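Every heavy atom of this structure was used, including side-chain atoms; hydrogens, water molecules and symmetry mates were not. Nothing here was measured: the structure is a model prediction, and the numbers come from that model.
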Amino acid sequence: MPDFHFANCALTIKKAMDDVPYDGFKIHPFAQKWNLKDERTAGLAEEIFDYTEKNKKRIVIHTGVDDFCSPKLFEKYTASHKDVLVQLAHCRPLRQTVYMLDHYENVFCDSSMTNRETIAETENNGLKNRVLYGSDFPITHWREYKPDYDPTEKELSDFFILCITSPGYPAIRQVNRD
């Protein structure tokens with residue numbers, strides 16, 4: 001989080017990752033207040049992408065329909081750090097997600113909080129092997145918010161079987177191993 005980072009001058013990216021060895025970074029542009037027009041924040045983004053590239057980590061970026069959560073927000077860094085695996089969480093908005101997948105081989109999207117139609121559209125664009133199936137956190141209260149859409153155990157089992165038998169599945173395992 002940029003504000004936390006700047007308030008703790010002794011905290012470097014390397015020190016933070018040495019102290020708590022995460023497998024990568026999750027950037028939530030809105031919640032963490034990523035203003036890339038600010039020179040210091042843009043420098044921090046560059047530092048994170050550099051560190052991630054050198055240490056073979058992953059960056060998960062929250063995406064959404066608002067401009068401040070656009071999949072294209074970190075495009076400059078994604079383009080200049082081709083060895084960084086960038087995971088666009090939630091595939092929102094779909095057109096921008098597909099654009100990033102089409103233009104950058106190091107970009108993947110995930111199915112977290114994404115409906116079947118969005119995943120199907122991604123697959124229809126020939127990008128099936130670039131979808132990571134899973135979630136960044138379980139949503140145990142789903143029925144309270146979506147009572148009309150409740151996937152059954154069979155539907156989830158069928159979806160899982162489809163995923164592991166799809167031609168893109170070995171690529172997904174490889175991405176998760178790295």
Side-chain angles (χ1 to χ4, degrees), residues 1-115 118-119 122 125 127 129-140 171-178:
M1 297 189 313
D3 289 345
F4 181 79
H5 177 78
F6 299 136
N8 295 285
C9 298
L11 183 64
T12 64
I13 298 298
K14 182 179 178 348
K15 178 168 177 21
M17 293 301 280
D18 287 347
D19 289 352
V20 184
Y22 291 109
D23 286 332
F25 296 88
K26 178 166 184 182
I27 296 175
H28 193 299
F30 177 69
Q32 297 172 344
K33 300 178 183 163
W34 280 88
N35 175 7
L36 295 173
K37 293 177 184 172
D38 174 70
E39 197 173 298
R40 290 186 321 155
T41 306
L44 178 60
E46 182 63 37
E47 186 179 343
I48 287 172
F49 273 78
D50 279 342
Y51 179 91
T52 304
E53 190 167 41
K54 288 175 185 159
N55 293 280
K56 300 189 183 309
K57 302 288 185 183
R58 169 192 313 226
I59 297 177
V60 177
I61 301 174
H62 169 85
T63 64
V65 295
D66 299 307
D67 287 344
F68 49 78
C69 288
S70 166
K72 295 168 84 176
L73 188 63
F74 289 87
E75 182 177 11
K76 166 186 168 183
Y77 308 99
T78 301
S80 63
H81 296 278
K82 297 197 181 295
D83 290 331
V84 173
L85 191 148
V86 176
Q87 179 179 333
L88 301 175
H90 319 306
C91 299
R92 292 189 294 251
L94 177 60
R95 287 290 135 235
Q96 291 182 26
T97 299
V98 168
Y99 167 87
M100 291 296 288
L101 293 168
D102 278 341
H103 285 81
Y104 305 101
E105 291 183 17
N106 57 322
V107 174
F108 292 77
C109 64
D110 69 36
S111 64
S112 171
M113 294 296 294
T114 305
N115 62 33
T118 297
I119 297 302
T122 304
N125 279 283
L127 300 165
N129 65 342
R130 307 283 289 288
V131 178
L132 303 172
Y133 296 93
S135 179
D136 56 355
F137 64 95
I139 308 213
T140 57
I172 293 166
R173 279 193 307 229
Q174 179 63 42
V175 167
N176 287 333
R177 224 179 298 133
D178 292 344

Legend entry - Side-chain (Asp110) to main-chain (His90) donor-acceptor, under 3.5 angstrom: yes
Inset, instruction - Verify, without hydrogens or angle tests, whether Arg92 (side chain) and Met113 (backbone) share a donor-acceptor contact under 3.5 angstrom. - result: yes
Inset, instruction - Please report the C-alpha distance between Asn55 and Met17 in whole Å, then the side-chain angles of each, then the deciding distance to 0.1 Å, and finally whether the side chain to side chain contact (heavy atoms under 4.5 Å, CB included) criterion is met. - result: CA-CA 10 Å; Asn55 293 280; Met17 293 301 280; over 6 Å; no
Legend entry - Contact summary for His62 and Cys69, nearest pair of heavy atoms: CD2-SG, 3.7 Å
Inset, instruction - Say whether, by atom type as modelled, one donor and one acceptor occur between the side chain of Lys57 and the main chain of Tyr22 under 3.5 angstrom. - result: yes
Legend entry - Under 3.5 Å donor-acceptor, Asn106 side chain and His81 backbone: yes
Inset, instruction - Work out which heavy atom in Ser80 is nearest to a heavy atom in Glu46; give both atom names and the distance. - result: OG-OE1, 4.5 Å
Legend entry - Shortest non-hydrogen separation from Tyr51 to Lys14 and the atoms involved: CE1-CA, 3.9 Å
Inset, instruction - Take Lys82 and Glu105 through the test side chain to side chain contact (heavy atoms under 4.5 Å, CB included) and record every step on the way to the result. - result: CA-CA 8 Å; Lys82 297 197 181 295; Glu105 291 183 17; over 6 Å; no
Legend entry - Donor on one side chain, acceptor on other, Asn115 and Thr118, under 3.5 Å: yes
Legend entry - Distance, nearest 0.5 Å, that separates OG1 of Thr63 from CD1 of Ile27: 12.5 Å
Legend entry - Reference residue Trp34; test ring pair (Phe, Tyr, Trp, His ring centres under 6.0 Å); the match among Phe25, Phe74, Tyr77: Phe74
Legend entry - Non-hydrogen atoms of Pro93 and Gly64 that approach each other most closely: CD-O, 3.2 Å
Legend entry - Value rounded to 0.5 Å, distance of CZ in Phe108 from OG1 in Thr97: 14.0 Å
Legend entry - Neighbour count >12 (heavy atoms, 6.0 Å) for atom CZ, Phe30: no
Legend entry - Donor-acceptor contact present, side-chain Ser70 to main-chain Phe68, <3.5 Å: no
Legend entry - Nearest heavy-atom neighbours spanning Lys33 and Asp3: CD-OD2, 3.7 Å
Legend entry - Among Thr78, Val107, Ile59, the one residue meeting side-chain contact (heavy atoms from CB on, under 4.5 Å) with Val84: Ile59
Inset, instruction - Considering only NZ, NE, NH1 and NH2 on the basic side and carboxylate oxygens on the acidic side, decide whether Lys54 and Asp50 come within less than 4.0 Å. - result: no
Inset, instruction - Kindly check if the number of other-residue, nucleotide or ligand heavy atoms within 6.0 Å of CG (Asp23) is above 12? - result: no
Legend entry - Asp67 side, atom CG; Leu73 side, atom CG - distance, nearest 0.5 Å: 9.0 Å
Inset, instruction - Side-chain contact test, heavy atoms from C-beta onward, threshold under 4.5 Å: evaluate it for Thr52 versus Leu85 and give yes or no. - result: no
Inset, instruction - Nearest 0.5 Å please: distance from the NZ atom of Lys26 over to the CZ atom of Arg58. - result: 12.5 Å
Inset, instruction - Mind listing the closest non-hydrogen atom pair of Arg95 and Asn125 along with its distance? - result: NH1-ND2, 4.0 Å
Inset, instruction - Measure the spacing between CZ of Phe4 and CG of Leu11 and express it to the nearest 0.5 Å. - result: 6.0 Å
Inset, instruction - Working to the nearest 0.5 Å, report the span between CG of Leu101 and CZ of Arg130. - result: 5.0 Å
